Amino acid sequence: MRTAPAVTIGISLKMYLGHHQTLNWSRRIAAIAGRHPAVTTGLAELFVLPSFPALVPVASIVAGSGVRVGAQDLAAEDAGPYTGEVSGAHLKEIGCDYAEVGHAERRRLFGEGDTVVAAKTAAALRNGLTPVLCVGELNQTSRDDAAARTVAELERLLYGLTGPVVVAYEPQWAIGAPRPASTEHIRTVCAALSDWLAGRAEFAGGRVIYGGSAGPGLLGDLGTDAGGLFLGRFAHDPAAVETILDEALALHGAAAEGASV
Ligand SMILES: O=C[C@H](O)COP(=O)(O)O
């Protein structure tokens with residue numbers, strides 16, 4: 001079993017970039033990661049989720065840089081007559097380590113509900129992919145209410161499953177917004193999710209990261225309640241990703257140095 005890194009930084013490109021833009025962006029991210037001490041020391045794990053057609057070339061571009069690759073979705077089934085779907089087995093075969101499931105946009109725009117999300121999470125685990133399982137309340141509410149709702153959602157979606165998961169806490173109202181949820185809100189919900197995960201040996205190696213208009217300047221405020229960030233728009237500029245890796249190093253680097261002596 002792989003030990004969880006101190007910080008996990010995931011980036012979903014959603015459908016924002018064209019193919020060549022994606023490859024150029026990936027080259028810049030690979031160059032940053034390949035020389036950044038947060039990544040080279042193993043303190044931070046960086047993964048990118050491009051569109052399906054870019055997975056193979058991006059995997060080749062980032063090879064050796066420490067950056068891992070995953071898909072933004074996967075089929076609930078592993079093979080068969082499922083036109084337009086891409087299976088977890090196929091994703092694993094082409095070098096993916098991650099598969100995102102349950103994103104609010106897939107729920108809202110493509111009608112995916114808990115049953116489908118749970119089945120896709122199971123498909124990811126079954127095929128050796130780490131699910132990036134998105135959870136989070138629909139409407140703005142108190143942080144305690146959000147924590148209770150989100151932990152209940154996670155419990156529902158992971159019922160009967162075993163394996164390491166990256167839980168992406170994404171309050172749906174904070175996605176695509178000008179700014180993230182408040183620091184107190186994020187810390188409360190991420191801490192509750194982390195406590196829930198930590199108490200269950202079947203999810204050993206699991207982590208909780210925050211997404212929803214996250215960008216530079218946020219990680220340092222979250223302390224150790226969140227295990228990292230799930231970035232969208234604010235990772236389109238590779239310089240912002242480098243800044244976030246600097247912040248990860250500042251937050252956890254001293255502890256890592258202490259552990260290595
Ligand atoms: O997948 C990423 C999240 O939905 C966050 O996206 P955003 O930072 O553009 O709001």
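In this text the structure is predicted, and so the values were computed from the model without any measurement. Just so you know, ligand 1 is whichever comes first in the structure, and atom 1 is the first atom listed for that ligand.
Using modelled atom types and a 3.5 Å distance limit, the side chains of Tyr210 and His185 yield no donor-acceptor pair. No side-chain N or O of Tyr98 forms a donor-acceptor pair with one of Gln72 less than 3.5 Å apart.
Counting protein heavy atoms only, atom 6 (O) of ligand 1 is closest to Lys14 NZ, 3.3 Å. Nearest protein heavy-atom contact of atom 8 (O) of ligand 1 is Ser213 N, 3.0 Å. Counting protein heavy atoms only, atom 2 (C) of ligand 1 is closest to Glu170 OE2, 3.4 Å.
A cation-pi geometry, defined here as NZ or CZ lying under 6.0 Å from the six-membered ring centre and within 45° of its normal, holds between Arg200 and Trp196. Relative to the ring axis of Phe110, Arg106 places its NZ or CZ within 45° and under 6.0 Å from the centre.
Each of the following atoms of ligand 1 lies closer than 4.0 Å to a heavy atom of Gly176: 10 (O). Residue contact check: Arg233 has heavy atoms under 4.0 Å from atoms 7 (P), 8 (O), 9 (O), 10 (O) of ligand 1. For ligand 1, the atoms lying closer than 4.0 Å to a non-hydrogen atom of Ser12 are 1 (O).
Of the possible polar contacts, none joining the Gln140 side chain to the Trp173 backbone as a donor-acceptor pair under 3.5 Å is found. The backbone N or O of His103 lies less than 3.5 Å from no partner atom in the side chain of Arg107, so there is not a single donor-acceptor pair.
By the 4.5 Å heavy-atom criterion applied to side chains, Thr40 and Arg35 are not counted as neighbours.
Contact annotation for His103 and ligand 1: only side-chain heavy atoms (C-beta onward) come within less than 4.0 Å of the ligand.
Residue contacts with ligand 1 include Phe230, since one or more of its heavy atoms lies under 4.0 Å from the ligand. Within the 4.0 Å heavy-atom cutoff, Gly212 counts among the residues contacting ligand 1.
Between Phe234 and ligand 1, not a single N/O pair is under 3.5 Å apart.
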